[in-house]
Amino acid sequence: MHLAVVACGDRLEETVTMLKSALLFSIKPLKFHIFAEDQLHNDFSAILNSWRSFEKFKFTLYPISFPSENAAEWRKLFKPCASQRLFLPLILKDVDSLLYVDTDILFLRPVDDIWSFLNKFNSTQVAAMAPEHEEPRIGWYNRFARHPYYGKTGINSGVMLMNMTRIRRKHFKNDMTIVRLHWGEILMPLLKKYKLNITWGDQDLLNIIFSHNPESLYVFPCQWNYRPDHCIYGSNCNEAEDGIFILHGNRGVYHDNKQPAFRAVYEALRNFSFGDDLFRSLLNPLELDLQKTEHTYCGRIHKLFTKQLTKSIDDFYTRQSNVR
């Protein structure tokens with residue numbers, strides 16, 4: 001299973017915590033593709049190499065790189081380096097399928113489970129993402145967007161599963177020419193056409209592409225990309241009643257006090273060390289911290305934050321005892 005992330009600036013700790021959460025419960029081996037600014041490479045190598053006695057995985061570090069003729073323009077789109085993800089199918093030419101995630105993602109169940117969505121793609125689907133909103137009344141795209149977007153409320157690209165072989169082969173419909181364009185041909189013309197109208201950078205470009213090619217997208221439910229918007233005004237991700245599978249702490253909520261339930265999960269995983277007992281060192285302290293967040297809407301449903309995590313830990317120990 002191939003997992004890619006793009007890390008710039010002060011995102012080292014956040015990225016390492018995400019990678020740790022991916023390793024904790026996953027069953028099949030993982031290969032990490034880490035695109036990072038040069039000054040972060042040594043730290044990434046030191047931390048990941050220190051995990052090798054506990055976990056089986058491979059990793060490759062890459063520099064941040066954009067097509068040379070427009071590098072400056074891509075680099076400053078939305079957040080530093082964020083648009084790197086648009087070029088992954090073109091850079092990782094030998095990788096068939098890939099799960100891209102933002103640095104502020106936390107896996108609460110095995111990566112294997114979201115990876116299995118690849119087997120559910122029909123013959124036209126090339127990628128999978130979750131909706132940007134469940135509740136149109138608080139949706140961004142349907143209220144404010146000045147460009148085409150996918151479906152009723154748009155899609156969020158913080159968790160993006162790709163069959164990159166299909167992406168590289170496909171000719172995409174677009175609103176710039178009657179000719180269908182390859183992935184590498186469509187990105188710059190789109191940016192030139194819409195750059196004054198886009199707010200969320202590369203995510204907006206993905207929305208534009210899939211709005212014209214809706215048959216190419218597989219949409220997975222919101223518990224696979226659960227954000228503060230799903231509980232900040234009351235719970236509006238019905239599928240998360242089964243538990244939150246992947247937590248997405250966008251808007252910096254792992255590092256401020258606006259959504260303490262999200263921060264509690266992040267800090268519990270950050271502080272956990274490989275080899276420690278998952279109940280004693282991860283789940284139990286997290287449950288105590290979550291009880292202190294009940295003054296917030298998200299904190300009131302904190303059991304959803306630990307429901308799947310508890311099952312993942314149970315399953316982990318069951319697998320270990322079967323191996324013995």
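Position 1 is the first residue of the sequence; numbering continues from there.
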Path from [X] to [Y] over hydrophobic side-chain contacts below 4.5 Å:
| X | Y | result |
| --- | --- | --- |
| Leu286 | Leu288 | no |
| Ile198 | Met176 | yes |
| Leu283 | Phe274 | yes |
| Ile313 | Phe54 | yes |

Cation-pi geometry met for Arg319 and Phe316 (6.0 Å, 45°): no
Lys NZ or Arg CZ of Lys170 over Phe172 ring: under 6.0 Å, within 45°: yes
Test side-chain hydrogen bond (donor to acceptor under 3.5 Å, both in side chains) applied to Glu14 and His255, step by step: CA-CA 10 Å; Glu14 198 172 84; His255 312 292; 2.6 Å; yes
From CA spacing to verdict: ring-ring contact (aromatic ring centres under 6.0 Å, His included), Tyr150, Tyr141: CA-CA 9 Å; Tyr150 177 88; Tyr141 286 109; over 10 Å; no
Can you tell me how far the [atom1] atom of [X] sits from the [atom2] atom of [Y], to the nearest 0.5 Å?
| X | Y | atom1 | atom2 | result |
| --- | --- | --- | --- | --- |
| Leu187 | Ser83 | CG | OG | 9.5 Å |
| Ser157 | Ile155 | OG | CD1 | 7.5 Å |
| Ile301 | Lys307 | CD1 | NZ | 11.5 Å |
| Ile105 | His248 | CD1 | NE2 | 4.5 Å |

Derivation of the side-chain hydrogen bond (donor to acceptor under 3.5 Å, both in side chains) call for Asn156 and Glu132: CA-CA 5 Å; Asn156 182 281; Glu132 172 68 15; 3.0 Å; yes
Test salt bridge (charged side-chain N to carboxylate O under 4.0 Å, His left out) applied to Lys193 and Asp175, step by step: CA-CA 10 Å; Lys193 176 170 182 176; Asp175 59 359; 3.5 Å; yes
Side-chain donor-acceptor pair present, [X], [Y], cut-off under 3.5 Å:
| X | Y | answer |
| --- | --- | --- |
| Asn236 | His230 | no |
| Thr60 | Lys31 | yes |
| Thr153 | Asn142 | no |

Tell me if the centroids of the rings in [X] and [Y] come within less than 6.0 Å of each other.
| X | Y | answer |
| --- | --- | --- |
| Trp183 | Phe87 | no |
| Tyr233 | Tyr297 | no |
| Tyr149 | Phe210 | no |
| Phe25 | Phe107 | no |
| Tyr100 | His33 | no |

Mutual orientation of the aromatic rings belonging to His171 and His182 [parallel < 30°, tilted 30-60°, perpendicular > 60°]: tilted
Taking C-beta and beyond as the side chain, do [X] and [Y] meet within less than 4.5 Å on heavy atoms?
| X | Y | value |
| --- | --- | --- |
| Tyr194 | Asp204 | no |
| Met18 | Thr103 | no |
| Ile64 | Cys8 | yes |
| His212 | Ile209 | no |
| Ser26 | Met1 | yes |
| Glu241 | Ser235 | yes |
| Phe44 | Phe59 | no |
| Phe35 | Leu92 | yes |

Closest non-hydrogen atom pair between [X] and [Y], with its separation:
| X | Y | value |
| --- | --- | --- |
| Gly299 | His302 | O-CD2, 2.9 Å |
| Phe117 | Phe121 | O-CD1, 3.2 Å |
| Leu61 | Ser45 | CD1-OG, 3.2 Å |
| Gln259 | Pro228 | CG-CB, 4.1 Å |
| Phe245 | Asp242 | CE2-O, 4.0 Å |
| Lys192 | Asn70 | NZ-ND2, 4.4 Å |

Is it the case that more than 12 heavy atoms not belonging to [X] sit under 6.0 Å from its [atom1] atom?
| X | atom1 | value |
| --- | --- | --- |
| Arg52 | CZ | yes |
| Lys152 | NZ | no |
| Asn42 | CG | no |

If we ignore hydrogens and angles and just use 3.5 Å, is the side chain of [X] paired with the main-chain N or O of [Y] as donor and acceptor?
| X | Y | result |
| --- | --- | --- |
| Tyr218 | Met129 | no |
| Arg109 | Gln308 | no |
| Arg251 | Gly249 | no |
| Ser281 | Leu278 | no |
| Asn213 | Lys173 | yes |
| Asp112 | Ile27 | yes |
| Asp276 | Phe272 | no |
| Asn163 | Arg166 | yes |
| Ser216 | Gln125 | no |
| Asp229 | Ile232 | no |

Candidate list Arg85, Arg75, Lys195, test salt bridge (charged side-chain N to carboxylate O under 4.0 Å, His left out), partner Asp202, passing option: Arg85
Check ion pair Lys311-Asp314 (N to O, under 4.0 angstrom): no
From Leu98, Val95, Ile167, residue fulfilling side-chain contact (heavy atoms from CB on, under 4.5 Å) relative to Leu88: Leu98
Cysteine SG atoms at Cys222 and Cys237 closer than 2.5 Å: yes
From CA spacing to verdict: side-chain hydrogen bond (donor to acceptor under 3.5 Å, both in side chains), Tyr266, Glu13: CA-CA 11 Å; Tyr266 173 76; Glu13 179 197 271; 2.6 Å; yes
Test log, rule side-chain hydrogen bond (donor to acceptor under 3.5 Å, both in side chains), inputs Arg263 and Asn257: CA-CA 8 Å; Arg263 183 170 179 168; Asn257 294 313; 3.0 Å; yes
